[in-house]
Undergrad: 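This structure is in structure tokens; I'll ask about it shortly.
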Amino acid sequence: METTDVKEFEKIEGLEQEHLGSIHKTEDFQDPDALFEELLRCIAKYHPSDDTSVIEKAYSIAKEMHKDQKRKSGEPYIIHPICVGIILADLEMDKETIVAGLLHDVVEDTAMTKEEVAAEFGEEVALLVDGVTKLTQLNYDQDKLEVQAESLRKMFLAMAKDIRVIIIKLADRLHNMRTLKFMKPEKQKEKARETMDIFAPIAQRLGISKIKIELDDLALKYLQPEVYRELVEGIAMNRESREKFIRSLEIEVGEHIKKAGIEAEISGRVKHFFSIYKKMVNQDKTIDQIYDLFAIRIIVESVKDCYAALGVIHEMYKPIPGRFKDYIAMPKPNRYQSLHTTLIGNDGTPFEIQIRTFEMHRVAEYGIAAHWKYKEASNGARPDGQEEEKLAWLRQILEWQKEMSDNKEFMSLLKSDLDLFSDNVFCFTPSGDVKNLPTGSTPIDFAYAIHSAVGNRMVGAKVNGKLVPIDYKVENGDRIEILTSQNTKGPSRDWLKIVKSSQAKSKINAWFKAELKEENISHGKELMDSYCKSHGIEFSEINKPEIRGEVLRKYGFKDWESLMASVGHGGIREGQIINKMQDLAKREAEEQVTDADIMENIANKDGVIPHKHSKTGITVRGIHDVAVRFSKCCSPVPGDEIVGYVTRGRGVTIHRTDCVNMMHLSEHDKSRLIEAEWQADCISGSYLAEIMVYGHNRRGLLVDITRIFTEYNIDIQAVHTKTGKNDIATLFLAFSVRSKDELNSIMAKIRQVESVVDIERTRG
């Protein structure tokens with residue numbers, strides 16, 4: 001995929017008139033101190049206290065901790081946390097959140113610890129920083145889905161402790177998306193897809209439209225660059241006439257509203273890119289065929305004024321049938337409230353009007369963040385009763401986490417629940433309670449929305465007094481009565497193909513897991529035995545308590561029977577479990593020296609004369625007469641920062657300190673680390689180095705790269721190439737060098753080759 005031209009995005013910003021209050025940009029600031037002054041100005045606009053000492057202290061510490069770090073763009077790293085702070089200030093967050101935003105990367109990327117953050121800024125800030133940090137500490141030995149699922153599980157647990165954690169994470173993601181042009185093309189697409197699937201929907205669920213809208217547009221820019229350019233160019237055309245049309249609507253509507261004696265703020269805008277794109281996809285139309293590109297917002301003092309203004313508007317213009325939505329009487333799940341109506345202008349042009357109160361507008365813009373605005377007195381005291389508001393949606397997610405150990409099922413339900421293209425229908429119980437369901441829902445979804453027991457005992461349904469089939473599609477305003485029986489055996493598996501809501505799917509699956517657990521356990525064991533027999537594996541040789549325990553920890557199961565039940569109902573493949581057990585058994589067989597021997601050696605390292613290995617050029621402290629070898633996962637060379645890892649039966653393995661395998665050791669394995677350093681007078685010969693080169697595929701690319709090694713008189717020991725999506729070539733090269741300086745020189749030379757996008761060393 002080609003990287004999109006950022007000028008295309010900037011080209012339309014003025015036209016959108018801050019589309020729905022988009023958070024202001026900070027790209028014009030290159031100097032960190034000037035950018036920090038902008039942050040202080042943002043805080044001063046809404047915060048009642050003018051004491052910014054804690055913000056200044058956080059900036060000073062963050063600047064010092066990140067002083068030697070650079071971003072992919074080449075700018076000082078501190079620019080990023082300041083921009084995150086500005087985004088949080090635009091959401092009018094409290095000072096603790098902004099301080100945590102400035103410090104959100106110090107525990108992850110610098111030497112500062114959570115305890116040091118707590119000592120300087122208090123436990124509240126430390127917990128926020130720790131919460132954000134944990135969201136990025138993943139187990140990289142899992143496959144892609146496992147990593148994403150684990151990340152999301154941590155995210156929702158962190159949200160449950162303090163919702164501000166996810167608000168900081170959303171601000172972090174927004175600034176990263178704004179600067180995504182500096183990443184590799186495949187990374188751009190990966191981050192954009194993750195943003196579209198997860199982060200933008202979470203922002204929507206939390207009601208934070210200021211962030212959600214921009215995340216949508218930026219994700220679209222990298223996922224569908226051609227579509228995005230067409231939107232930019234299409235909207236930019238006839239810009240003057242469109243602005244004139246919006247302005248005339250504002251004036252016309254304003255005059256009538258004022259004449260009716262209603263005090264109101266009125267503003268107009270062109271809808272944002274992703275909203276238009278959704279219409280194009282859902283209605284199968286081109287941008288030229290989408291007419292309601294415009295929206296007028298009317299903000300009034302009271303709910304009474306909302307409906308009064310609606311009456312005025314419907315007298316002025318002809319409403320389009322079926323396009324009126326009352327989200328005041330029936331709010332969205334994220335607490336969004338507004339009246340929406342689509343009308344035909346006097347010249348035949350359709351447009352939308354949204355009517356809401358100032359308080360509704362504040363909730364629409366800030367969502368859950370609105371509940372964290374400082375309402376303290378001038379003396380800095382915070383009033384009583386300011387508790388973090390938990391959303392019913394978040395509680396539902398946490399319930400799923402408890403019920404589901406299968407990451408694939410969890411991800412499927414979550415993405416279904418976060419589906420951006422789904423709309424909602426509102427229906428009623430016989431007693432008049434409102435239920436909000438996804439479009440396309442059935443009476444089964446309605447039953448489970450009431451209670452799992454109602455759904456499990458359901459035998460039929462009446463809609464508006466008439467019997468309907470269970471696959472009937474619920475419509476707005478339906479009055480639904482669920483018919484139940486104590487004699488029913490429970491839900492049918494066929495219901496999973498009918499229901500629309502994630503809640504119903506989750507509860508149906510939970511019933512089958514509970515009711516059929518013994519059957520699933522038995523079937524799971526049969527599948528494991530069958531797999532071992534067909535592959536000639538002796539299960540008794542790998543079925544050891546320590547191996548089973550490691551497998552349970554990896555896949556997140558409490559006991560072996562739960563894992564077998566998951567295998568039995570198809571949640572996880574039996575081959576996946578057996579292969580992991582074989583790997584663990586093989587590793588155990590290679591490890592022969594006892595932990596006690598190793599721990600004794602390491603415990604006695606203080607005061608021991610360093611042991612020098614002349615053959616390797618390495619000095620290791622604390623262990624004598626032991627083999628020293630270089631790891632194959634990260635291939636350290638002289639000049640790299642290194643650490644030793646004591647392996648059972650195989651001596652000390654030398655790794656780079658940035659090796660992925662070293663960065664994600666368990667607490668137990670960290671005790672095996674031991675100091676190691678290069679001994680200058682013993683370094684001789686050559687050392688294996690491995691690099692990955694990424695570039696746009698073209699004829700002669702490999703030849704141009706290998707020519708550089710000829711110039712340096714270096715033999716290449718291994719080459720692997722592949723071409724992925726969007727014609728991006730990936731080249732793996734292994735070769736010998738004498739030092740890190742020589743390696744850096746070679747990599748710098750390769751970067752100058754035409755079509756090369758990026759180079760990185762392997763890190764495990």
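Just so we're clear, the structure is a prediction, and the values are computed from it rather than from any experiment.
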Undergrad: If you draw the axis of the six-membered ring of Tyr694, does the NZ or CZ of Lys184 fall within 45° of it and under 6.0 Å from the ring centre?
TA: yes
Undergrad: Should the pair Asp445-Lys500 be classified as a salt bridge under the 4.0 Å nitrogen-to-oxygen rule?
TA: no
Undergrad: So that I can tick it off, tell me whether Lys525 and Asp529 are bridged by a salt bridge, with the cut-off set at under 4.0 angstrom between side-chain N and carboxylate O.
TA: no
Undergrad: I'd like to check Ile728 versus Thr723 (side-chain heavy atoms, cut-off strictly below 4.5 Å). Are they in contact?
TA: no
Undergrad: Does any part of the side chain of Asn487, heavy atoms only, come nearer than 4.5 Å to the side chain of Val459, both counted from C-beta?
TA: no
Undergrad: Please state whether the rings of Phe630 and Tyr687 are parallel, tilted or perpendicular, taking 30° and 60° as the class boundaries.
TA: perpendicular
Undergrad: What I want to check is whether the side chains of His451 and Asn456 have a donor and an acceptor closer together than 3.5 Å.
TA: no
Undergrad: Is any side-chain N of the basic residue among Lys187 and Glu190 closer than 4.0 Å to the acidic one's carboxylate O?
TA: yes
Undergrad: Do the side chains of Glu194 and Arg173 get close enough for a salt bridge, i.e. N-O under 4.0 angstrom?
TA: yes
Undergrad: Could Lys580 and Asp583 be called an ion pair, given the rule that one side-chain N must be under 4.0 Å from one carboxylate O?
TA: no
Undergrad: Taking Asp640 for the side chain and Pro636 for the main chain, is one N or O donor matched with an acceptor at less than 3.5 Å?
TA: no
Undergrad: Say whether, by atom type as modelled, one donor and one acceptor occur between the side chain of His523 and the main chain of Glu519 under 3.5 angstrom.
TA: no
